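Keep in mind that this is a model prediction, so the values were computed, not measured.
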Amino acid sequence: MSIANELKRTTLKTAFHYLEKDPEKNAVKLMELVDKFAGNGPDSFPKQREAFRSVLEDPQNNMYQLIMSVLKDIDKDVLKATFENFFFNANIVGWPKQEENRKKYGCNIPWAILLDPTSACNLHCTGCWAAEYGNKLNLTFDEIDSIISQGKRLGVYMYIYTGGEPLVRKKDLIAICEKHSDCQFLSFTNATLIDEAFADDMLRVKNFIPAISVEGFEKATDGRRGDGTYQKVVRAMKLLKEKHLPFGLSCCYTSQNLDSISSFEFIDQMVEWGAKFVWYFHYMPVGNDAVLDLLPNPQQREFMYHRIREIRRTKPIFAMDFQNDGEYVGGCIAGGRRYLHINANGDVDPCVFIHYSDSNIREKTLLECLQSPIFMEYHKEQPFNENHLRPCPMLENPEKLRTMVHRTEAVSTDLQSPESVDHLCDKCVNYAENWTPTAQKLWSESQEKKKLMS
């Protein structure tokens, strides 16, 4: 690390020490330091930092209440590690390095890497695309270690585990946290394998945060994940809260459960459980056995568009919508533009939902995968639509995915039941056509609002 970055790190550590003593008083001062280090360039997120600063100056703001709850509820050493790894390494240090490498190598360089330690899972949830992979595939410890080491050389310090159920490999994941203590790790998990010993391990390594999958209240969760699952998840969250460990929730919304998991009753329950963030995912019709009736209709998706923004305005929890927040990240973030996915067989997919690849991490370096034909197609074609509420090359622009896969001769990475790209894209045509008028209306309204605010 450069002397300049080391000086920044030391200064921020000192500032964080004062923040511990009096969060309300010193939070704005810490933000002033972040502003100083970030600079004024277009890639320094000036609008986001300005929004963050305005929150810190308004104690009545729900996001202010969330920030203060994080500062007061979370173990101080875990909070320090998260601040250093996520905010400093993954952004202040990592982002400029990623930008440098994007220019140097002429390809996408991700901000985060998603990887499946295993395809195994202790549950078999209805409609789970991961279940299509089977349960016998694993990335070895050394392979995961190599992926992270290669990623760090490119400036990537954020790693997200998917699966399968990642905590089937929890001993290895903790060992990875120890070896790469400068990285931030987040794991999507059903939480049923979180026990006191693992929570203590999380306290010890300090750089592992679970995103717990829930479908709503007990009936909905057990209906998809099996009887008794809900109570196991609630016990896991209670344990994490008692240990002062940070966690969030992951919710897949469908035509069947959208009303319940987006209700204010359920949001308030999330806050009571102790979750600091919730990540909503649109159901994707991936796999030969996908249930098209689970796709939200345009009215339901529009409801979610407005509801997510209402949650962010009114509730002390940070809500994200992977599909409906495309306008904030410039459309599709897959293909290495901001993230990529490596499955438990080593196949490097452009997207966690789109399983077509021409590269395997066991045969190529990470950089070679990013420069492969399918990834370069993503690099060339993004954004796939000028309307960033239609970001996906599969769901909203199926002809884009169809063309890219045929052009590069990428193959299905689903080893259980390979699905042709034509079969997948054909399922999305009607959805894309039906969503387009609503997306255009919302996009026009959003752009008009930005003009009035500028």
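Formation of a donor-acceptor pair under 3.5 Å by the E272 side chain with backbone atoms of Q269 is not found in this model. Looking only at distances, no side-chain donor or acceptor of K241 sits under 3.5 Å from a matching main-chain atom of A275. Side-chain atoms of R338 never come within 3.5 Å of backbone atoms of P110 as a donor-acceptor pair (strictly under, hydrogens ignored). At distances below 3.5 Å, not a single donor-acceptor pair connects side-chain atoms of N385 with backbone N or O atoms of P391. A distance-only check finds no donor-acceptor pair linking the side chain of Y230 to the backbone of D227 [under 3.5 Å]. Within the 3.5 Å criterion, the main-chain N or O of G155 finds a donor-acceptor partner in the side chain of Q98. E99 places no side-chain N or O within 3.5 Å of a backbone atom of P96 that could act as its donor or acceptor partner. Judged by distance alone, with hydrogens and angles left aside, the side-chain atoms of S119 form no donor-acceptor pair with the main-chain N or O of A344 at under 3.5 Å. Side-chain atoms of Y280 come within 3.5 Å of backbone N or O of I261 as a donor-acceptor pair. Put simply, the side chain of Y339 never gets that close to the backbone of C351: no donor and acceptor are under 3.5 Å apart.
Interatomic distance, CD1 of I160 versus CE of M158, reported as 4.5 Å (0.5 Å rounding). The distance from the CD1 atom of I267 to the CD1 atom of I311 is 3.5 Å, given to the nearest 0.5 Å. Between I342 atom CD1 and I113 atom CD1 the span is 5.5 Å, to the nearest 0.5 Å. Going from atom CD1 of I148 over to atom SG of C183 covers 6.0 Å, rounded to the nearest 0.5 Å.
Note that R301 lies in the cation-pi zone of W435, set by a 6.0 Å cut-off to the ring centre and a 45° limit from the axis. W273 does not carry R235 over the face of its six-membered ring by the limits of under 6.0 Å from the centre and within 45° of the normal.
Using a cutoff of 4.0 Å between basic side-chain nitrogens and carboxylate oxygens, E100 and K97 are not scored as salt-bridged. Of the charged side-chain nitrogens involved, at least one lies within less than 4.0 Å of a carboxylate oxygen, so that K238 and E242 count as a salt-bridged pair. Using a 4.0 Å cut-off between a side-chain N of Lys or Arg and a carboxylate O of Asp or Glu, D201 and K170 do not qualify as a salt bridge. In this structure, D182 pairs ionically with K152, as a charged nitrogen and a carboxylate oxygen lie closer than 4.0 Å.
The two residues D321 and Y253 have their closest heavy-atom pair at OD2-OH, 3.1 Å. Of all heavy-atom pairs between A90 and F86, the closest is CB-O, 3.2 Å. What you find for Y356 and E419 is that their closest heavy atoms are OH-O, 2.8 Å. The two residues N138 and R362 have their closest heavy-atom pair at O-NH2, 2.9 Å. Across K364 and S372, no two heavy atoms sit closer than the pair NZ-CB, 4.0 Å. Of all heavy-atom pairs spanning T189 and P210, the tightest one is CG2-CB, 3.9 Å.
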Do D325 and R312 pass the salt bridge (Lys or Arg N to Asp or Glu O under 4.0 Å) test, and can you show the C-alpha distance, the side-chain angles, and the key distance before you say yes or no? CA-CA 12 Å; D325 278 339; R312 287 200 286 255; 2.9 Å; yes
Does the pair N324 and H282 meet the rule for a side chain to side chain donor-acceptor pair (under 3.5 Å), with working shown? CA-CA 9 Å; N324 280 338; H282 187 294; over 6 Å; no
Assess the residue pair Q184 and E84 against the criterion (side chain to side chain donor-acceptor pair (under 3.5 Å)); give the C-alpha distance rounded to whole Å, side-chain angles, the decisive distance to 0.1 Å, and a yes or no. CA-CA 9 Å; Q184 188 62 49; E84 184 166 350; over 6 Å; no
Between Q382 and N108, does the side chain to side chain donor-acceptor pair (under 3.5 Å) criterion hold? Intermediate values first, please. CA-CA 10 Å; Q382 287 166 323; N108 285 334; 3.2 Å; yes
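Just one of D195, D200, D75 meets the salt bridge (charged side-chain N to carboxylate O under 4.0 Å, His left out) condition when paired with K243; it is D200.
Using a 30° and 60° split on the angle between ring planes, H341 and H355 fall in the tilted class, from 30° to 60°. Aromatic ring pairs are classed by plane angle as parallel below 30°, tilted from 30° to 60° and perpendicular above 60°; the pair F322 and W279 is tilted.
Not less than 6.0 angstrom separates the ring centroid of F247 from the ring centroid of F277. With ring centers used as reference points, F198 lies under 6.0 Å from F208.
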